[in-house]
Undergrad: 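If you scroll down you'll find the structure; I have some questions about it.
Positions are given from 1, in the same order as the sequence printed here.
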Amino acid sequence: MPRTPRRRNIAPPREDVLAAVMGTVAERGLDGLTMAGLGREVGMSSGHLLYYFRTKDELLLQTLEWSEARLGTERRALLAGPGTARERLDACIALYVTDGHRDPHWTLRLEVWNRSQDADDDARARARQAAIEDAWQGDLTELLTDGIAAGEFRTVGAGRTATRLRALMDGFSVHVTVGIPGTGRQQVLDQLRTYVDETLTPPGAGTPAADVAPGF
């Protein structure tokens with residue numbers, strides 16, 4: 001009798017695994033993400049997951065890269081879309097800032113940052129993290145440069161201003177993601193809108209009165 005072919009353990013597409021990681025973090029937080037539990041969800045053993053991703057750190061970094069790539073697609077569409085430079089900048093800020101407490105993308109981002117402090121010196125991993133930051137920096141700098149050239153923004157150092165804006169977005173987003181009392185997404189957006197008004201409004205155009213939400 002012919003032998004029955006042995007069933008192969010076919011791994012699901014990489015994107016399915018990364019989406020499952022993000023879904024688990026959204027539903028149960030990082031404490032709920034285990035290799036065994038993830039394996040059950042995607043139909044793989046934890047050993048096979050480690051075969052493909054090597055370490056949990058690598059799995060988390062690849063998931064962050066995947067999530068950032070999706071945001072990058074949205075960001076580029078916003079930058080190429082209609083509207084003034086200020087409207088596109090506001091849209092990019094809204095895309096960058098955390099959605100709220102335990103936002104899975106920001107939860108993952110903070111975890112990757114934290115793990116990189118204690119990890120062995122891995123130049124490639126650090127370069128990949130830097131690439132995420134550089135993509136935002138480059139696009140924001142280009143948008144500010146365009147707005148300055150069109151006369152919508154005052155003449156400032158575009159790169160320096162983009163760096164400061166990202167630092168503000170990072171700091172505020174951390175507060176909201178970890179749940180510091182008195183902070184929220186709308187408060188963050190109000191603060192950032194005020195910063196952009198004060199920093200980029202051209203001379204003579206007038207700066208709207210600051211209306212800072214309580215809690216900051």
Undergrad: Evaluate the criterion side chain to side chain contact (heavy atoms under 4.5 Å, CB included) for residue pair Glu74 and Leu71; output intermediate values, then yes/no.
TA: CA-CA 5 Å; Glu74 292 185 58; Leu71 286 178; 4.1 Å; yes
Undergrad: Side chain of Asp103, backbone of Asp99: donor and acceptor closer than 3.5 Å?
TA: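 Yes, the answer is positive, given that a donor and an acceptor are paired below the 3.5 Å cut-off.
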Undergrad: Taking the six-membered ring of Trp66 as reference, does the NZ or CZ atom of Arg70 fall below 6.0 Å from its centre and within a 45° cone about the axis?
TA: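 That pair qualifies as a cation-pi contact.
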Undergrad: Taking all non-hydrogen atoms of both residues into account, name the closest pair between Met22 and Pro104 and its distance.
TA: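 Between these two residues, the closest heavy atoms are SD-CB, 3.6 Å.
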Undergrad: List the atom of Val42, the atom of Ala20, and the distance in Å for their closest heavy-atom pair.
TA: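 Nearest pair, atom of Val42 first, then Ala20: CG1-CB, 3.7 Å.
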Undergrad: Could you check whether any side-chain heavy atom of Leu49 comes within less than 4.5 Å of a side-chain heavy atom of Leu59, counting everything from C-beta outward?
TA: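 Side-chain contact under 4.5 Å: no.
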Undergrad: Can you tell me how far CE of Met35 sits from CE of Met44, rounded to the nearest 0.5 angstrom?
TA: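 Separation between the atoms: 8.5 Å.
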Undergrad: In Å, rounded to the nearest 0.5 Å, how long is the span from CZ of Phe53 to CG of Leu38?
TA: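 Result: 8.0 Å between the selected atoms.
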Undergrad: Find out whether the Lys NZ or Arg CZ of Arg166 is both under 6.0 angstrom from the six-membered ring centre of Trp136 and within 45° of the ring's axis.
TA: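 Because its charged atom misses either the 6.0 Å distance or the 45° angle limit, Arg166 does not stack over Trp136.
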Undergrad: With side chains defined as the heavy atoms from C-beta onward, is the minimum distance between Val97 and Trp106 less than 4.5 Å?
TA: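 They are not in contact (no side-chain heavy atoms under 4.5 Å apart), so the answer is no.
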Undergrad: Flag the pair Leu60 / Arg115 as yes when at least one side-chain heavy-atom distance between them is below 4.5 Å, and no otherwise.
TA: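 They are in contact (side-chain heavy atoms under 4.5 Å apart), so the answer is yes.
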Undergrad: Of Leu79, Leu165, Thr84, which is the lone residue that meets side-chain contact (heavy atoms from CB on, under 4.5 Å) with Leu89?
TA: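 By the side-chain contact (heavy atoms from CB on, under 4.5 Å) criterion, Leu89 pairs with just one of Leu79, Leu165, Thr84: Leu165.
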Undergrad: State the CZ-CG distance between Arg126 and Leu61, to the nearest 0.5 angstrom.
TA: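 Rounded to the nearest 0.5 Å, the CZ-CG separation comes to 11.5 Å.
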Undergrad: Under 4.5 Å between any side-chain heavy atoms of Glu198 and Thr194, yes or no?
TA: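 Yes, their side chains come closer than 4.5 Å.
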Undergrad: I'd like to know if the side chain of Arg154 and the backbone of Thr199 have a donor-acceptor N/O pair within less than 3.5 Å.
TA: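 Checked: pair present.
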Undergrad: Would you call Arg109 and Asp170 a side-chain contact if the rule is heavy atoms closer than 4.5 Å?
TA: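 Heavy-atom side-chain distance check passes, below 4.5 Å.
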Undergrad: Side chain to side chain contact (heavy atoms under 4.5 Å, CB included), that's the test. Do Thr183 and Val188 meet it? Break it down for me.
TA: CA-CA 7 Å; Thr183 63; Val188 166; 5.7 Å; no
Undergrad: List the steps and the verdict of side chain to side chain contact (heavy atoms under 4.5 Å, CB included) for Val178 and Leu110.
TA: CA-CA 10 Å; Val178 302; Leu110 294 179; 4.1 Å; yes
Undergrad: Tell me whether Arg185 is salt-bridged to Asp190, with the criterion being a basic N under 4.0 Å from an acidic carboxylate O.
TA: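 No, this pair does not count.
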Undergrad: Could you tell me whether a side-chain N or O of Ser67 sits under 3.5 Å from a main-chain N or O of His105, the two making a donor and an acceptor?
TA: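 No; zero donor-acceptor contacts below 3.5 Å.
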Undergrad: To the nearest 0.5 Å, what is the distance between OG1 (Thr163) and CG (Leu168)?
TA: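 CG of Leu168 is found 11.0 Å from OG1 of Thr163.
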Undergrad: Would Thr177 and Phe172 count as a side chain to side chain contact (heavy atoms under 4.5 Å, CB included) if you check the C-alpha gap in whole Å, the side-chain angles of each, and the deciding distance to 0.1 Å?
TA: CA-CA 9 Å; Thr177 302; Phe172 284 143; over 6 Å; no
Undergrad: Do the non-hydrogen side-chain atoms of Trp113 and Gln129 ever get within less than 4.5 Å of each other?
TA: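 A side-chain contact under 4.5 Å exists here.
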Undergrad: As an exercise, state the distance from CD of Glu111 to CG of Leu33, rounded to the nearest 0.5 Å.
TA: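 Going from the CD atom of Glu111 to the CG atom of Leu33 covers 9.5 Å.
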Undergrad: Does a salt bridge link Asp90 with Arg86, judged by any charged N lying under 4.0 Å from a carboxylate O?
TA: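 Counted as a salt bridge, because a side-chain N and a carboxylate O are separated by less than 4.0 Å.
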Undergrad: How many angstroms lie between atom CZ of Arg75 and atom CG of Asp139, to the nearest 0.5 angstrom?
TA: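 It comes to 4.5 Å.
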Undergrad: Is there a side-chain contact between Met169 and Leu140 (heavy atoms, below 4.5 Å)?
TA: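 Of all side-chain heavy-atom pairs linking Leu140 with Met169, at least one is under 4.5 Å.
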Undergrad: Identify the heavy atoms of Pro12 and Val17 that sit nearest to each other, and give their distance.
TA: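 Distance-wise, the nearest heavy atoms are CG-CG2, 3.8 Å.
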Undergrad: At their closest point, which heavy atom of Gly159 faces which heavy atom of Gln137, and how far apart are they?
TA: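 For Gly159 and Gln137, the tightest heavy-atom pair comes out as O-NE2, 3.0 Å.
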Undergrad: Does any donor atom in the side chain of Glu58 or Gln62 lie under 3.5 Å from an acceptor atom in the other side chain?
TA: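 Yes.
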Undergrad: Output yes when a side-chain donor or acceptor of His175 lies under 3.5 Å from a complementary backbone atom of Ile180, and no otherwise.
TA: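 Pair absent, no side-chain N/O of His175 close to backbone of Ile180.
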Undergrad: Return the minimal non-hydrogen interatomic distance between Thr145 and Ala158, and the atom names on each side.
TA: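 In terms of heavy atoms, the two residues are closest at OG1-CB, 3.4 Å.
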Undergrad: If we only count heavy atoms from C-beta on, is the Thr34 to Thr24 side-chain gap below 4.5 Å?
TA: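 Not touching, per the 4.5 Å side-chain cut-off.
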